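One structure below.
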There are 2 protein chains.
Amino acid sequence: MGNDFYNILKTLKLKATPKRIAIMEILADEPTYLSPDEIRSRLKGRFKNIGLPTVYRNLEELADSGIIIKIIHPDRKLYYFYCHNREHHHHFVCVQCRKVEDINFCGMEEIKNEVEKNLKAHMVSHMLQVYGFCKDCLKKQTISL
Amino acid sequence: MGNDFYNILKTLKLKATPKRIAIMEILADEPTYLSPDEIRSRLKGRFKNIGLPTVYRNLEELADSGIIIKIIHPDRKLYYFYCHNREHHHHFVCVQCRKVEDINFCGMEEIKNEVEKNLKAHMVSHMLQVYGFCKDCLKKQTISL
DNA sequence: TATCTAAATAGAAATGTTTTTTATTTAAAA
DNA sequence: TTTTAAATAAAAAACATTTCTATTTAGATA
């Protein structure tokens, strides 16, 4: 299918270093979100030397340029996820298996309207995240809801 | 008006210690969200000895019991806010002065519906936060939007 | 009011994630 | 091939948050 990470990086005006490409490959292959340290562990299979600051820096740059996204987890640690959906949308996150699924509904127009009309404020950004148990985790075991 | 924190704490089955009451008073008087360390600084004016773990523990307990709320800031640090509105709602946060205002619209019914019908998942919780510049900060200065 | 006990506390130390620093290496443009 | 700005490794630092332990205290009970 050609995830042409080399050219994506060129478009973003980032050097196409082997490690940067590897980080994108690892995330794109993963249906769940990963922590920086987990990403580093996987990189260790491919590179014998890999520093944690390099992982953090690359993830930050890639997230800033929008090609990957940050997941805000209730534990307040950083997680990253490669999302193939380029439209504006939000995520359902399974707190058990970490699967990420898209939510298409976004009531942001109404919220933006309320913020600007009622509060007379200017909305810069918003964050919506939904936590729960996904279909598969519900099936696999008894979860006391 | 009588913010009867003593009785609120009794209802929550928490000991009404002077420090716990002071934490609630500080937050209730504050229109912005505060960090644990900022709260400790203010407590130092009232108590000569006050440990940071005490502040963290109390904030955690009070947030768990729902009398104060955690604010998720983009910097991923913890902040707390005393919200007088007991209904389910969300917040607009001014990223400049940290003022917190209520947003009454919440599209959660639609989202819950989508999660449960389309994804066949179970929604446990959700987080919505809107960031921007409040009315006053917009007035006070030129912000490049 | 005095006694008692579980809860709360201070203070020090530990934890663990994320960032900074600096010297070295590398991608890719010229 | 040369050049140079960007990227890197490694060590160290920064910093928020938590754990630990001995001590104190709120408030129930006698």
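In what follows, chains carry the letters A, B, and so on, assigned in the order in which the sequence lines appear, proteins first and then strands, with residues in each chain numbered from 1. This one's a predicted model, so the numbers in the text were calculated from it and none came from an experiment.
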Separation of C:dT9 P from B:Glu60 CD (nearest whole Å): 14 Å
Lys/Arg-Asp/Glu bridge criterion (N-O < 4.0 Å) met for B:Arg42, B:Glu38: no
Closest non-hydrogen atom pair, B:Cys134 against B:Cys94: N-SG, 3.3 Å
Euclidean distance, atom CG of residue B:Asp64 to atom C1' of C:dA8 [Å, nearest integer]: 16 Å
Residues A:Asp102 and A:His89: side-chain donor-acceptor under 3.5 angstrom: yes
Rounded distance (Å) that lies between atom C1' of C:dA27 and atom CG of A:Leu12: 16 Å
Residues forming a side-chain hydrogen bond (donor to acceptor under 3.5 Å, both in side chains) with A:Asp37, sequence neighbours excluded: A:Arg40
Sugar-phosphate, base or nothing in reach of B:Arg20, heavy atoms under 4.0 Å: sugar-phosphate
Under-4.0 Å side-chain N/O to phosphate OP1/OP2 contact, B:Arg57 with C:dT9: yes
Spacing of B:Lys48 atom NZ relative to C:dG11 atom C1', expressed in whole Å: 14 Å
Distance in angstrom units between B:Leu9 CG and C:dA8 C1', rounded: 13 Å
Pair A:His126-A:His90, side-chain donor/acceptor within less than 3.5 Å: yes
Sugar-phosphate only, base, or nothing, as touched by A:Ile50 at under 4.0 Å among non-hydrogen atoms: sugar-phosphate
Identify all side-chain donor-acceptor contacts of residues 63-70 of chain A below 3.5 Å with residues at least two apart in sequence or on another chain.
unit_1	atom_1	unit_2	atom_2	d
A:Ser65	OG	A:Glu61	O	3.3
A:Ser65	OG	A:Leu62	O	3.0

Atom pair distance, as rounded to whole Å: CG in A:Asn49 and C1' in D:dA11: 14 Å
Length of the line joining B:Lys13:NZ and C:dA8:P, which is rounded to integer Å: 13 Å
Integer-rounded Å distance: C:dG16 P and A:Leu78 CG: 17 Å
Most 5' of A:Leu52 and B:Asn58 on DNA chain C, judged by nearest nucleotide: B:Asn58
Sugar-phosphate or base contact per nucleotide [nucleotides 22-30 of chain D; S, B, -; heavy atom under 4.0 Å]: ---BBSS--
Out of D:dT17, D:dT8, C:dT19, whichever nucleotide has its closest atom nearest the side chain of A:Thr54: D:dT8
Upstream residue (5' side of DNA chain C) when B:Glu61 and B:Arg76 are each assigned their closest nucleotide: B:Glu61
pair B:Ile103-A:Asn118: side-chain heavy atoms closer than 4.5 Å: no
OP1 or OP2 of D:dT18 under 4.0 Å from side-chain N/O of B:Tyr56: no
